[in-house]
Amino acid sequence: MFRLLLILAFSYCRIVSPAQSGPAGVGSSTSNVFWLKADKGTSSSVNNTPISAWNDQSGNGINVTQTVTAQQPSFATNVINGMPAIQFDNVSTTNDKMIGPDSPILDNTAGYSFFTVTRPQNLDGNARVIVSKRTTVSVDQSFMLFYYSSNRLYVDIQTTDNRFNSAFTFTSGNNYITDVIYDGTLASGSRSRLYTGETLDVTASESATLVPDNTSPIILGTTDATDPRPYGGYIAEVIIYRTALLPAQRIIVNNYLSAKYNIALAANDKYAGDNNGNGDYDLEVAGIGQESTGNNNAFSTSVSGGMGLTATSGLDNTDYVLAGHAVPVNALQTTDVGGMTGANNGRWQRVWYIDITNTSTAISANIQFGATDGGMGSAPLGTTAANYVLLYRAGQTGNWTELATANSVVGDRAFFNNISLTADGYYTLGSKNHTLSVLPVELVDFAATPEENKVTLRWNTSSEKNNAGFEIEKTKDGAQFETVALVKGAGNSSSSLHYSSEDLQPYRGLSYYRLKQSDHSGKITYSRLAAVYYDVEAQSLTLYPNPAEGTFYISSRIFEDSRVTVQIIDSWGRTCFNKIFSPAKNTVVIDTENKLPGGSYFVLISAGEKTYMRRIILR
C-alpha cells in the first residue's frame, strides 16, 4: 500500500463528523453557517485571475458567485503573510461584487458572530462594504459590515435603526482582524460588541432581540446587488456564526486568524507557535479553552491538518491548548527519527507545535491522528496499535521522546487516550515499523502538466506493497469523476518506480486529477487532487531544457508585445526568483546562476492579464 505526497495538490474531500469542524475547531455547520477563505474554494488560484465562484467552507453550500465578467474580483497570491486574498476593485461603474443565495440559516436568529480579515485599499469616507445581507436600505436587512465615515467600521444588525461604528480608525493598506458579536438575549444597551485584534473597541445598543428570516441575498463587496459603490481592497476570510460565541471560542478563532495572517493580537494571544523563533507554525491552528462563561473542549482532525484533540480533565478557567503546523503537504519522514525504538522507524513530516496555557490542574486530553485529514490517503492504518507512537520534543531538532503508544487504531485513525499535556513543544505521529503499519508515503510525486493538445500525468513511487494498479480520474467540480486511464502496478517493490499516462481529451479551464489505487485484496486508496488549468492558447508556452542545469528558456507566442514577469516558487510556496523581462523573439532566458538547490520548482509566467504555471526540475 502506498501514500501520496502531492507537490501541487488540492485536498481530497470526504464526509467527516460535523463535531468541532468549524474554524479553529469552534462549532460545526449548524452554528458556523458561512465560511469563506481565499486559500480554498475559489474558481481559480492563479494570480490576477478573475474568479466567478468562491465556495462556502462551512458545509452549508452558500456559495457566492459572479457571472458578469466586469464585476468579478480577482484571486491574488501572497497578499497577507504569504496567504492569498480576493481583490475587489475600486471602479464605481462596474464594481466587483459576489452574491450568494438567501438561506434561512443566515438569519432567523438571536445571535451572530462575524469575523473578517481584510486589507482595505481605498478608505475615503465612502461606504466600502465587506459583507451584507439585504435587498436595499432597511429592506430585508439582516446585517451589514462596512468601512464608512472617518474611516471607521460601521455595523447594521436588523435594519439600520441601531447603526454603530468603531472608535478605532482604520488605514488603507493595513491588515485587520475584526469581530462583531450580537447577542439578542442581553440587555438592549449591550447587545452588540465590536473587537479589533481581540481588543474590545465598542459596546453598542441594539433594539432587536431577533433577526427574522429576511428574504435577501448575502453579498460581498457592496451594500446590495444594484449598488455601484465598490469595496476597493482585499478580503481574505469571512466567517459567520448564527450564535454569539462564548469568549473562549472567540479567543480561539482570533488566535487561528492571527497565526494564519500574521496579524498581532493586542490581547489574549494564546499561541506562540506562530513566532519565527518557534518555526512559524502558522497553518490550520485549532484549539481548546475555557473561560468562566464556558468552553470549547475539542477540535476535529478535519480543521487541524490531521490531529484532533478532546479535553478529558483539567481544563480550568483561562486554560488553553492551541496547535498548528508548518507543512502544507504531509509525507513520510524516515530520517530525523532519533530517539525512537523499533526498526524501520518513520514519522509524519507534519509536526504540530502545541502551546499549553495551564493555570492549575494538569490538562489531560485524548489525541487522535487521521490519515485522510493528514493528507496521507484513506486506507486503514492496520490493526497493530503498538506500532504507532505519539512523539514529542521540546525543540525543532534533537531526539524524539515516545510519549505514548496508541490505545487503538480504527480505520484511518490512531487514538492516544488521556495524554497529560504539560509541556509546550512539537508533537507528531510515529511508527516503530512503517513497513508493517500503513503509515505515510511511498509515492513521492504526482503532477498533472498541461501540454499542447493533452495533459500529461506523472507519478513516482519509492515503494509499493500489494499494488494491483492505478486508475486515473478527473473532475471539474470535485464531485463527479471520469476515468481517464488504467495503469498496472508493480505489486511489491522497494525501489523507485516511475509512471506516466496522458489525457488526450482534457477539460478546458480548471480541472483536477487524482489517482485511485487498488491492492490485490480489493482495498482502494485515493490520492489528493492535482489541479491543472488547460488553456489551448497557453499550450504553446514551453520551458526547455527540462531538467535544467541552472539556465533554461521560456518560449511562447503569447509574449508578443508584452512584458513578462517570471517567478520561481519552491515546493514550500516560497518565491526564490522574481524578475520582469521584455522578451526578444518570444523567448525569455532564465539564469538562476546556480543559486537554487536541485529539486522541483513551479514557474509562474505572467504576461498581460494572464498567468501560467509550469514545472521545472533544476539539477
Given F146, which partner from the list F114, Y154, F170 fulfils the ring pair (Phe, Tyr, Trp, His ring centres under 6.0 Å) test? Y154
Using a 6.0 Å distance limit plus a 45 degree cone around the ring axis, check whether R152 lies over the aromatic ring of F168. no
Just how far is it from atom CG of L245 to atom CG of D179, taken to the nearest 0.5 Å? 9.0 Å
A side-chain contact here means heavy atoms from C-beta on lying under 4.5 Å apart; do T160 and V137 qualify? yes
Between I157 and the options R191, E206, Q141, the side chain to side chain contact (heavy atoms under 4.5 Å, CB included) test singles out E206
Would you say the side chains of N214 and Q158 form a donor-acceptor pair under 3.5 Å? yes
Quick check: does any side chain N or O of Y176 sit under 3.5 Å from a backbone N or O of G197, one acting as donor and the other as acceptor? no
Under a 3.5 Å threshold, yes or no: a donor from one side chain and an acceptor from the other, between Y182 and R193? no
Side chains of I86 and W54: does their closest heavy-atom pair fall under 4.5 Å? yes
As an exercise, state the distance from CD1 of I51 to OG of S74, rounded to the nearest 0.5 Å. 8.0 Å
Just verifying a value: how many Å separate N55 CG and T65 OG1, rounded to the nearest 0.5 Å? 9.5 Å
Between R134 and S142, a side-chain donor and acceptor under 3.5 Å: no
Short N-O contact, D156 and R163, less than 4.0 angstrom: yes
Do the side chain of R229 and the main chain of N95 share a donor and acceptor less than 3.5 angstrom apart? no
Surrounding OH of Y148 (heavy atoms of other residues, nucleotides or ligands, distance under 6.0 Å), is the total greater than 12? no
Report yes if the side chains of K260 and K37 come closer than 4.5 Å at any heavy-atom pair, otherwise no. yes
Decide yes or no on side-chain contact (heavy atoms from CB on, under 4.5 Å) for T135 and D224, but give the supporting numbers first. CA-CA 6 Å; T135 302; D224 48 69; over 6 Å; no
Do N254 and E198 have a side chain donor and acceptor closer than 3.5 Å? yes
Just say parallel, tilted or perpendicular for the rings of Y231 and F88, cut-offs at 30° and 60°. perpendicular
Is a side-chain N or O of S555 found less than 3.5 angstrom from the main chain of T587, in a donor-acceptor match? no
Is there a side-chain contact (heavy atoms from CB on, under 4.5 Å) between N90 and R128 once you walk through the steps? CA-CA 9 Å; N90 191 38; R128 308 295 187 188; 3.0 Å; yes
Ignoring hydrogens and angles, tell me if any N or O in the side chain of S28 forms a donor-acceptor pair with the backbone of Q20 under 3.5 Å. no
Test your reading of the model: is there a side-chain donor-acceptor pair from R119 to the backbone of Y234, 3.5 Å cut-off? no
Does a donor on one side chain and an acceptor on the other come within less than 3.5 Å for S58 and N60? yes
Main-chain N/O of G25 paired with N296 side-chain donor or acceptor, under 3.5 Å: yes
In terms of the angle between their ring planes, are Y256 and W35 parallel, tilted or perpendicular, with boundaries placed at 30° and 60°? perpendicular
Examine distances only and state if a side-chain atom of D96 and a backbone atom of M98 form a donor-acceptor pair shorter than 3.5 Å. no
Would you please say whether a donor-acceptor pair under 3.5 Å links the side chains of S300 and S302? yes
Within the 3.5 Å criterion, strictly below it, is a donor on N317 or Q290 matched to an acceptor on the partner's side chain? yes
Just by distance, no angles: are the side chains of Q567 and Y601 close enough, under 3.5 Å, to form a donor-acceptor pair? no
Looking at side-chain heavy atoms only, is the closest gap between L123 and T171 below 4.5 Å? no
Are a donor atom and an acceptor atom from the side chains of S216 and K133 found within less than 3.5 Å of each other? yes
Using the side-chain contact (heavy atoms from CB on, under 4.5 Å) rule, take N255 and L265 through it: C-alpha gap first, then chi angles, then the decisive distance, then the call. CA-CA 8 Å; N255 274 267; L265 299 180; 3.8 Å; yes
Using a 3.5 Å distance criterion without hydrogens, assess whether the side chain of T118 forms a donor-acceptor pair with backbone atoms of P120. no
